[in-house]
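Every value quoted in this text rests on a predicted model; they were computed, and no experiment measured them.
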Amino acid sequence: MRTIRVLIVDDQPLIRSGLHATFSKADDIVVVGEAANGVDAVRMVRSQQPDVVLMDIDMPRMNGLTATREIVALDKRKPTKVVILTIFDQDEHLFDALRSGASGFILKHAPIERLLEAVREAAEGDALLSPSVTRRLIDEFARRPELSSGSAQTLGRLTEREREVFRLLVRGYSNEEIARTLVLGDSTIKSHVQHLYQKLGVRDRVQVVIYAYENGLVPVSP
């Protein structure tokens with residue numbers, strides 16, 4: 001069984017200790033360190049080489065957005081995944097975090113099972129967005145310009161099934177949830193998702209969401 005190495009970054013000691021206690025209960029996750037600011041986070045990523053960093057945004061010395069950009073740029077051969085810790089109602093930089101290279105978001109008050117799942121998904125290279133965070137992004141970016149001709153041509157190359165998968169991805173659905181919604185097998189959904197990545201020229205589901213927002217493809221009421 002693979003052991004997932006995690007670095008916890010948050011300027012609040014109680015949150016760090018709570019997360020540490022949560023992950024200590026999992027057999028496949030080990031916390032390799034804690035940091036209270038972005039400067040220490042980047043330094044510890046270099047020395048500890050964690051698989052996943054749980055990153056707060058608002059911190060002293062260096063904020064989570066800048067730290068995420070620096071961490072993502074460290075080693076392209078063995079990249080460390082960054083999952084943003086968010087309070088949702090108070091964070092104003094979610095889209096900037098995505099563009100900084102974060103693999104997704106997890107709410108600080110999320111259930112233990114979801115925290116563990118988020119770390120495992122990120123470690124496996126599956127970027128994630130919780131539905132509530134996706135809803136906020138939709139509210140913020142639904143006012144984007146109408147679909148450009150280039151984007152229209154790209155979407156025109158998608159099959160009807162790929163369009164359905166695309167819409168569900170943008171709404172924050174996991175592969176398992178898409179499979180249940182469309183009544184298809186997991187392997188079939190994975191194949192459709194990979195085809196989407198190739199046709200849109202993106203590397204993961206977070207970039208699919210960014211593509212949708214930047215090209216005015218997000219429906220107001222998903």
Side-chain angles (χ1 to χ4, degrees), residues 4-26 28-74 79-140 172 174 204-207 209-210:
I4 302 170
R5 297 165 55 81
V6 174
L7 173 67
I8 299 170
V9 185
D10 196 291
D11 62 340
Q12 298 185 43
L14 284 178
I15 290 179
R16 294 200 307 271
S17 62
L19 290 170
H20 200 144
T22 294
F23 295 130
S24 67
K25 300 175 183 177
D28 60 336
I29 298 175
V30 59
V31 176
V32 298
E34 299 178 13
N37 58 70
V39 173
D40 289 343
V42 175
R43 175 180 57 79
M44 294 186 72
V45 167
R46 287 195 177 100
S47 63
Q48 299 298 326
Q49 297 185 325
D51 299 301
V52 179
V53 176
L54 289 177
M55 180 77 72
D56 188 24
I57 291 181
D58 295 320
M59 295 181 296
R61 298 185 67 189
M62 179 189 291
N63 65 40
L65 299 181
T66 302
T68 296
R69 285 192 290 270
E70 293 198 12
I71 289 169
V72 170
L74 284 178
T80 294
K81 303 295 184 179
V82 178
V83 176
I84 298 295
L85 287 167
T86 174
I87 304 176
F88 176 55
D89 289 335
Q90 298 180 15
D91 288 335
E92 300 176 353
H93 308 292
L94 301 183
F95 191 70
D96 289 338
L98 286 177
R99 300 185 71 174
S100 296
S103 291
F105 298 89
I106 188 68
L107 304 184
K108 289 186 177 181
H109 57 267
I112 291 177
E113 294 78 11
R114 184 58 187 134
L115 286 168
L116 297 174
E117 181 184 4
V119 168
R120 291 170 180 139
E121 289 178 358
E124 291 299 317
D126 190 13
L128 58 124
L129 291 172
S130 68
S132 53
V133 170
T134 301
R135 176 68 259 177
R136 172 163 183 182
L137 289 172
I138 288 171
D139 289 341
E140 183 172 352
S174 66
D204 57 37
R205 64 203 313 118
V206 167
Q207 285 200 332
V209 175
I210 292 176

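- To the nearest 0.5 Å, the span separating CD1 on Ile15 from CG on Leu54 amounts to 11.5 Å.
- You'll find the side chain of Met55 reaches within 4.5 Å of the side chain of Val53, heavy atoms only.
- The side chain to side chain donor-acceptor pair (under 3.5 Å) check on Ser17 picks up nothing, with sequence neighbours excluded.
- No side-chain heavy atom of Val32 sits less than 4.5 Å from a side-chain heavy atom of Val6.
- In plain terms, the two heavy atoms of Thr80 and Pro50 that are nearest each other are OG1-O, 2.9 Å.
- A distance of 11.5 Å separates CD1 of Ile29 from NE2 of His20, quoted to the nearest 0.5 Å.
- Across Val82 and Thr68, no two heavy atoms sit closer than the pair CG1-OG1, 3.5 Å.
- Taking each heavy atom of Phe23 and Leu115 in turn, the nearest pair found is CE2-O, 4.1 Å.
- Put simply, CG on Leu65 and CD1 on Ile57 are 5.5 Å apart, with the number rounded to the nearest 0.5 Å.
- Residues Ile84 and Ala102 share a closest heavy-atom pair of CG1-CB, 3.7 Å.
- Heavy-atom minimum distance, Ala67 versus Gly38: CB-CA, 3.7 Å.
- Side-chain atoms of Val119 and Val83, non-hydrogen and from C-beta on, never get closer than 4.5 Å to each other.
- Residue pairs satisfying the salt bridge (Lys or Arg N to Asp or Glu O under 4.0 Å) criterion with at least one member in residues 13-23, sequence neighbours excluded, are listed as follows: Arg16-Glu34.
- Residues Arg114 and Glu117 are paired through a salt bridge, judged by an N-O separation under 4.0 Å between the basic side chain and the carboxylate.
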Which pairs of donor and acceptor atoms, one on a side chain in residues 39-49, lie under 3.5 Å apart (sequence neighbours left out)?
{"residue": "Asp40", "atom": "OD2", "partner": "Asn37", "partner atom": "ND2", "Å": "3.2"}
{"residue": "Ser47", "atom": "OG", "partner": "Arg43", "partner atom": "O", "Å": "3.4"}
{"residue": "Ser47", "atom": "OG", "partner": "Met44", "partner atom": "O", "Å": "3.3"}

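- Residues Leu7 and Ala35 come closest through the heavy atom pair CD1-N, 4.5 Å.
- With values rounded to the nearest 0.5 angstrom, Thr66 atom OG1 is found 13.0 Å from Arg61 atom CZ.
- Rounding to the nearest 0.5 Å places CG of Leu116 at 7.5 Å from CG of Asp28.
- Within the structure, every pair that satisfies the salt bridge (Lys or Arg N to Asp or Glu O under 4.0 Å) test and touches residues 5-14, not counting sequence neighbours, is listed here: Asp10-Lys108.
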